[in-house]
Amino acid sequence: MLMATTPATAREAERILSAAAVGAGLPETALAAAVLDASRGKPVPARPERALRQAVHTARTPDPAPSSASGPYLLPLREDAEKPSAGSSRPACA
């Protein structure tokens, strides 16, 4: 059902259902039953519906591209960078 309405692959639909179930505090089977009920025109409680909408929105929203100017960088300590490498008598950095 989610694959057709979202659209999503089977794996994405499973992730959406799982995230929505966690958000609603329900087992995945109960949320899946609510999705089926909604497709049959039966009313769905607000909490599962809200959690499903949020999970679909999150799945459809692309992650922001990482900026090259941001983020923590893992750099060697100056002392480690200046140590000679094994088998070499010269410093690694001049």
Side-chain angles (χ1 to χ4, degrees):
M1 183 56 96
L2 284 174
M3 290 172 60
T5 59
T6 301
T9 64
R11 178 172 283 175
E12 291 168 336
E14 184 178 1
R15 288 181 184 154
I16 290 169
L17 183 67
S18 180
V22 169
L26 296 171
E28 288 180 18
T29 53
L31 191 66
V35 170
L36 286 175
D37 287 346
S39 73
R40 296 177 180 138
K42 294 181 182 177
V44 177
R47 190 173 180 188
E49 183 178 356
R50 200 170 35 248
L52 186 58
R53 287 183 190 277
Q54 179 61 43
V56 169
H57 175 73
T58 300
R60 286 182 174 173
T61 305
D63 291 333
S67 172
S68 61
S70 68
Y73 297 102
L74 300 177
L75 299 174
L77 296 173
R78 179 177 215 91
E79 300 84 36
D80 292 339
E82 293 175 350
K83 288 181 185 176
S85 61
S88 172
S89 59
R90 314 181 314 179
C93 297

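Arg15 pairs by the side-chain hydrogen bond (donor to acceptor under 3.5 Å, both in side chains) definition with nothing, not counting sequence neighbours.
Taking both residues in full, the closest heavy atoms of Glu12 and Thr9 are given as OE1-N, 2.9 Å, listed atom of the first, atom of the second, then distance. The two residues Ala20 and Ala51 have their closest heavy-atom pair at O-CB, 3.3 Å. Summarising the geometry of Pro48 relative to Ala24, their closest heavy-atom pair is CA-CB, 3.9 Å, with the distance given to 0.1 Å. Between Ala38 and Val44, the shortest heavy-atom contact is CB-CG2, 3.4 Å.
Heavy-atom contacts from other residues, nucleotides or ligands closer than 6.0 Å to CD of Glu28 number more than 12.
If you chain together hydrophobic residues whose side chains sit under 4.5 Å apart, Val35 and Ile16 fall into the same group.
Residues Pro7 and Arg60 form a side-chain contact, since some pair of their non-hydrogen atoms from C-beta on lies under 4.5 Å apart.
Taken from CD in Glu14 to CE in Met3, the straight-line distance is 11.0 Å, to the nearest 0.5 Å.
Side-chain contact of Gln54 with Thr58: a donor-acceptor pair under 3.5 Å is present, judged by distance alone.
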